[in-house]
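Read the structure below first, then the notes.
Since the structure is predicted, the reported quantities are computational estimates derived from the model, not experimental observations. Lettering follows sequence order; numbering is per chain, from 1.
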Protein chains: 2
Amino acid sequence: MEDLSHSEENYLKAIYNTTQGEIETVSTNELADKMNTKASSITDMVKKLSDKKLVKYKKYKGCSLTPEGEKSALKVIRKHRLWEVFLVDKLGFGWDEVHVIAEQLEHIRSVKLTEKLDEFLEFPKYDPHGDPIPDRDGNLELRTKMVQLNELEVADVAVVIGVADGNPSFLQYLDQNKIQLGTELKVLDLFDFDESVRIGMGERELNLSKTAASKICVERLEK
Amino acid sequence: MEDLSHSEENYLKAIYNTTQGEIETVSTNELADKMNTKASSITDMVKKLSDKKLVKYKKYKGCSLTPEGEKSALKVIRKHRLWEVFLVDKLGFGWDEVHVIAEQLEHIRSVKLTEKLDEFLEFPKYDPHGDPIPDRDGNLELRTKMVQLNELEVADVAVVIGVADGNPSFLQYLDQNKIQLGTELKVLDLFDFDESVRIGMGERELNLSKTAASKICVERLEK
DNA sequence: GCGTATTTTTAGACAGGACTAAAAATAGAA
DNA sequence: TTCTATTTTTAGTCCTGTCTAAAAATACGC
Ligand SMILES: [Mn+2]
Ligand SMILES: [Mn+2]
Ligand SMILES: [Mn+2]
Ligand SMILES: [Mn+2]
């Protein structure tokens, strides 16, 4: 229950993010890639977190979070996403700029600060990238109706509700093409040969590569 | 010019704060006291900062900031005070609660964040304790007309413009006695035997110990 | 100016976090 | 199944920042 270091929090967050969905365990190398560090550093830290009962770890078998560890990770994620909302909504940052700054702010230790910030932002449910913000108890909304744009059929109508990649260059690409959260679109064509997709948004039409389309998260609308 | 660690920034700030005014140099032990650390730690860090040309240091003679070091210190102080304004004005914290949180926020590295925050707060000149906020170039207003309350004469009228002590228990004492920045007061009596002072504020009258009075910073008004 | 008290520095240790290189375990192909 | 390629762990090193204990320098009373 004692405070965790910035580093420990970053590891927990990375483990959380890579063990979402069906994947129940993350390998040492995969984590090393995600965190831009070396496998040996991962082993060291995972051992430490395992001693603290925040991570389940079997040598050579990868790791996952314990319920305790998940709680800690979600606290950090809550702060990260709240700060992102603050930076975009209150300070006027672009959604492509806030992640790196929130990486620092997420480590500020003050429960009262987090709760006051939440209130100041009027209890936002989603961050600027469409990711749900855990409540103070660590409950996270499941986005059951969310699908990737490339999974739609021709003539489907949908609204953008998230992005699967926070990379600034991808977000700037979306900005340039005037795609943002809330943008409504219709699938005009699906091209088999490269799995690209043509969408219409109001008057505009646009081709998206499979790569791009797979990173845009949408919810189907009644057509 | 590379980034400084949290620890290095804290040392620079502490050196800045203890070498204000006539005092031109701070001793190793004094700094150790202020920072709740040991003299040997001070020596180590001061050597390092001296290598980086941020601190002037002669063995056994104490240390002070170089112009470079002062610039760095003022950047941290600027962030500290801006965050304090944010916490009080926007989030509704009490002035007794914000110092510890700002101790963390002051280390967030993003020039753009600092400038956007400044703008969002509408370019405040003073923090919640009446301390002037350095501008982006590190220029700091000198509060030439500021005196301690215990230096006033009987019948002097003055307005509270700052506190010389950020200790929460002192600030809470002021809260309880409804003394805040902007409070106007008149000196009713000075008591020689213990140097305490009796002040009037509107209908209210109040005795202040010398200790308390010396920590309240005021500006004389035309009586 | 001398000798003691105090301050400051040095030496050595330790904990956290990261890295390299080498060793061990596992996975996969033949 | 056996041999090799890949993954993972271990061993040893380094850097930062801190501490304790010992040594050195300074300050000061007489
Ligand atoms: Mn982080
Ligand atoms: Mn986000
Ligand atoms: Mn600080
Ligand atoms: Mn302040």
Could you check whether N29(A) and S27(A), counting side-chain N and O atoms only, form a donor-acceptor pair closer than 3.5 Å?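 Side chains of S27(A) and N29(A): no pair found under 3.5 Å.
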Residues W95(B) and D127(B): side-chain donor-acceptor under 3.5 angstrom: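 Distance-only check fails for W95(B) and D127(B).
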Using atom [atom1] of [X] as one end and atom [atom2] of [N] as the other, report the distance to the nearest whole Å.
| X | N | atom1 | atom2 | answer |
| --- | --- | --- | --- | --- |
| K58(A) | dT26(C) | NZ | P | 13 Å |
| D44(B) | dT8(C) | CG | C1' | 12 Å |
| M45(B) | dT16(D) | CE | P | 10 Å |
| L4(A) | dA15(C) | CG | P | 19 Å |
| K59(A) | dT26(C) | NZ | C1' | 14 Å |
| K61(B) | dT7(C) | NZ | C1' | 12 Å |
| D3(A) | dG16(C) | CG | P | 14 Å |

What nucleotide among dT20(D), dT9(D), dT18(D) has an atom nearest to a side-chain atom of S41(B)? dT18(D)
What closest approach, in Å, do L181(A) and H129(A) show between heavy atoms, and which atom pair accounts for it? CD1-C, 4.0 Å
So do the side chains of C63(B) and L49(B) get within less than 4.5 Å of each other, counting heavy atoms only?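 Result no, sub-4.5 Å side-chain heavy-atom pair not found.
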Y11(B)-Y16(B) aromatic ring centre distance below 6.0 Å: no
Using a cut-off of strictly less than 4.0 Å, decide whether K38(B) has a side-chain nitrogen or oxygen near OP1 or OP2 of dT20(D).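 Checking K38(B) against dT20(D): at least one side-chain N or O falls below 4.0 Å of OP1 or OP2.
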Is the phosphate of dC19(C), meaning OP1 or OP2, less than 4.0 Å from a side-chain N or O of T37(A)?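 T37(A) to dC19(C) OP1/OP2: side-chain N or O found under 4.0 Å.
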By a strict heavy-atom criterion of less than 4.0 Å, which residues belonging to residues 5-16 of chain A are in contact with DNA chain D?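 Here the set is empty: none.
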Which parts of residues 26-36 of chain A get close to DNA chain D, meaning a heavy atom less than 4.0 angstrom away?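 Going residue by residue through residues 26-36 of chain A, the ones with a heavy atom under 4.0 Å of DNA chain D turn out to be S27(A), T28(A), N29(A).
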Pairs under 3.5 angstrom only: tabulate donor-acceptor contacts from the side chains of residues 131-139 of chain B to other protein residues two or more places apart or in another chain.
from    : atom 1 : to      : atom 2 : distance (Å)
D135(B) : OD1    : D137(B) : N      : 2.8
D135(B) : OD1    : G138(B) : N      : 3.0
D135(B) : OD1    : N139(B) : N      : 3.0
D135(B) : OD1    : N139(B) : ND2    : 3.4
D135(B) : OD2    : N139(B) : ND2    : 3.0
R136(B) : NH1    : E115(B) : OE1    : 3.0

Look only at the side chain of T37(A) and the backbone of D33(A), and say whether a donor-acceptor pair between them is shorter than 3.5 Å. no
Please collect all ring pair (Phe, Tyr, Trp, His ring centres under 6.0 Å) contacts where either partner lies in residues 99-118 of chain A, sequence neighbours excluded, each pair once.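 Listed once each, the pairs are H6(A)-H107(A), H80(A)-H99(A).
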Neighbour count >12 (heavy atoms, 6.0 Å) for atom NZ, K71(A):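 It does not: K71(A) NZ has 12 such atoms or fewer within range.
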Mark yes when over 12 heavy atoms from residues, nucleotides or ligands other than Q20(B) sit less than 6.0 Å from its CD; otherwise mark no. yes
Could you run down the sub-3.5 Å N/O contacts of the protein with nucleotides 22-24 of chain C?
none

Qualifying residues under salt bridge (charged side-chain N to carboxylate O under 4.0 Å, His left out), relative to E30(A), sequence neighbours excluded: K34(A)
For a quick check, tell me whether the side chain of S40(A) and the base of dT8(D) share a donor-acceptor pair closer than 3.5 Å.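 In this structure, the two groups form no donor-acceptor pair.
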